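A short worksheet on the structure shown next.
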Amino acid sequence: MNYVPDFSIVTDNWIVLMRGLWVTIQIWIPSIVIGLAGGFLLAQARLARSKVIRGTSLVYVELFRDTPVLIQLIWFFYAFPILIGVQLSPYAAALLGLTLNTSAYASEIFRGGIRSIHRGQMEGALAIGMTRAQAMRRVILPQVVKRMLPAFTNRTIEVAKMSSLASVISVHELMYQGRLLSSTYYRPFEILTAVAFIYFVLIYPGTFLAGRLEKHLARSN
């Protein structure tokens with residue numbers, strides 16, 4: 001093997017990679033924040049008394065959990081505009097797809113956490129005059145948040161990794177910029193190694209935090 005790695009190509013183009021990293025963060029953070037909020041509302045729908053509401057939310061959850069994320073992103077970019085008559089930008093399609101996917105998974109985390117609390121606590125809160133929303137906020141959620149933290153941390157990590165799929169619909173995030181530089185300079189080893197390293201630096205703190213949380217919760221139980 002006569003190939004001699006030359007990582008100067010990475011340092012010469014670090015601004016391009018950092019620009020891609022910034023777009024990755026712009027996809028990742030909103031997808032998590034909006035997805036968690038949507039997931040909480042969806043969990044409430046999954047626990048509703050109405051069979052219609054429960055059934056509709058179940059279809060939503062299963063649809064996004066049982067189809068590949070890549071298909072979802074491509075569908076929102078190429079097929080969804082046919083239904084609404086408006087062409088979405090690559091960024092908007094990626095953000096929409098990842099947010100809806102995140103909300104589906106987050107809803108199951110919320111639902112599992114809420115159902116882990118004995119129903120008598122909700123009934124007791126209602127009996128002393130609290131509304132259902134007050135009981136959820138003051139009694140149920142404070143108990144389940146710490147149980148759900150490891151799962152939410154892992155979900156955050158997964159969304160960070162899934163954001164790389166947005167490169168397929170030409171979102172100029174980190175993976176897209178890495179592929180572009182690789183094809184421009186014919187140095188895939190150096191460029192893609194650098195891209196992998198940047199993802200590692202971005203994601204590892206979350207992985208480390210998830211591990212520490214699991215150990216801490218295991219000791220406290």
Side-chain angles (χ1 to χ4, degrees), residues 1-36 38 63-106 152-210:
M1 181 177 177
N2 297 321
Y3 187 81
V4 178
D6 180 13
F7 282 92
S8 64
I9 195 71
V10 174
T11 56
D12 291 343
N13 292 277
W14 69 272
I15 293 180
V16 176
L17 294 175
M18 291 301 101
R19 190 181 302 131
L21 175 61
W22 175 237
V23 176
T24 292
I25 293 172
Q26 288 179 307
I27 297 172
W28 176 32
I29 300 302
S31 295
I32 287 295
V33 174
I34 302 173
L36 291 183
L63 179 64
F64 280 95
R65 292 179 68 200
D66 298 332
T67 56
V69 179
L70 180 58
I71 296 297
Q72 294 169 19
L73 298 186
I74 293 174
W75 189 89
F76 278 111
F77 185 60
Y78 290 106
F80 189 54
I82 297 174
L83 297 179
I84 64 175
V86 178
Q87 179 61 55
L88 299 179
S89 69
Y91 174 81
L95 182 60
L96 182 60
L98 288 177
T99 298
L100 295 180
N101 180 275
T102 299
S103 68
Y105 279 91
F152 281 136
T153 305
N154 288 330
R155 193 68 216 154
T156 300
I157 294 168
E158 289 301 313
V159 175
K161 291 187 284 188
M162 288 191 303
S163 68
S164 64
L165 297 175
S167 63
V168 175
I169 57 174
S170 299
V171 178
H172 293 192
E173 44 73 66
L174 180 58
M175 188 62 199
Y176 178 91
Q177 300 291 14
R179 290 169 55 193
L180 182 63
L181 290 174
S182 296
S183 61
T184 300
Y185 294 99
Y186 300 101
R187 285 283 182 171
F189 175 78
E190 292 89 339
I191 297 295
L192 296 181
T193 299
V195 168
F197 178 75
I198 294 171
Y199 273 115
F200 176 81
V201 172
L202 178 67
I203 293 171
Y204 178 73
T207 305
F208 179 77
L209 177 61

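Predicted model only: the values in this text are computed from it and were never measured. All residue numbers refer to positions in the sequence shown, counting from 1.
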Reported [atom1]-to-[atom2] distance for the pair [X] and [Y], which is rounded to 0.5 angstrom:
| X | Y | atom1 | atom2 | result |
| --- | --- | --- | --- | --- |
| L70 | L165 | CG | CG | 5.5 Å |
| D12 | Y185 | CG | OH | 7.5 Å |
| I191 | N13 | CD1 | CG | 6.0 Å |
| L180 | S167 | CG | OG | 11.0 Å |
| T156 | F152 | OG1 | CZ | 8.5 Å |

Is there side-chain contact between [X] and [Y], with heavy atoms separated by less than 4.5 Å?
| X | Y | answer |
| --- | --- | --- |
| L174 | L17 | yes |
| W28 | I32 | yes |
| I198 | M18 | yes |
| L88 | F80 | yes |
| L181 | I9 | no |

Which heavy atom in [X] sits nearest to a heavy atom in [Y], and how many Å separate them?
| X | Y | value |
| --- | --- | --- |
| V168 | R179 | N-NH1, 4.2 Å |
| V171 | P90 | CG2-O, 3.3 Å |
| S31 | L98 | OG-CB, 3.5 Å |
| T24 | L202 | CG2-CD2, 4.3 Å |
| R65 | Y105 | O-OH, 3.3 Å |
| E190 | P5 | OE2-CA, 3.3 Å |

task: From the options T102, L100, V69, select the one residue that forms a side chain to side chain contact (heavy atoms under 4.5 Å, CB included) with F64.
output: L100

- request: Could you tell me whether F7 atom CZ has more than 12 heavy atoms of other residues or ligands within 6.0 Å of it?
  value: yes

- prompt: Would the number of heavy atoms belonging to other residues, nucleotides or ligands and lying under 6.0 Å from CH2 of W75 be above 12?
  reply: yes

Do any N or O atoms from the side chain of [X] and from the backbone of [Y] form a donor-acceptor pair under 3.5 angstrom?
| X | Y | result |
| --- | --- | --- |
| N101 | G97 | no |
| Q87 | F77 | yes |
| T99 | L96 | no |
| Y91 | Q26 | yes |

- prompt: Which of parallel (below 30°), tilted (30 to 60°) and perpendicular (above 60°) describes H172 and Y176?
  reply: parallel

message: K161 vs E158, test: salt bridge (Lys or Arg N to Asp or Glu O under 4.0 Å). Steps then yes/no.
response: CA-CA 5 Å; K161 291 187 284 188; E158 289 301 313; 3.3 Å; yes

task: Could you walk me through whether T193 and F189 pass the side-chain contact (heavy atoms from CB on, under 4.5 Å) test, one step at a time?
output: CA-CA 6 Å; T193 299; F189 175 78; 4.0 Å; yes

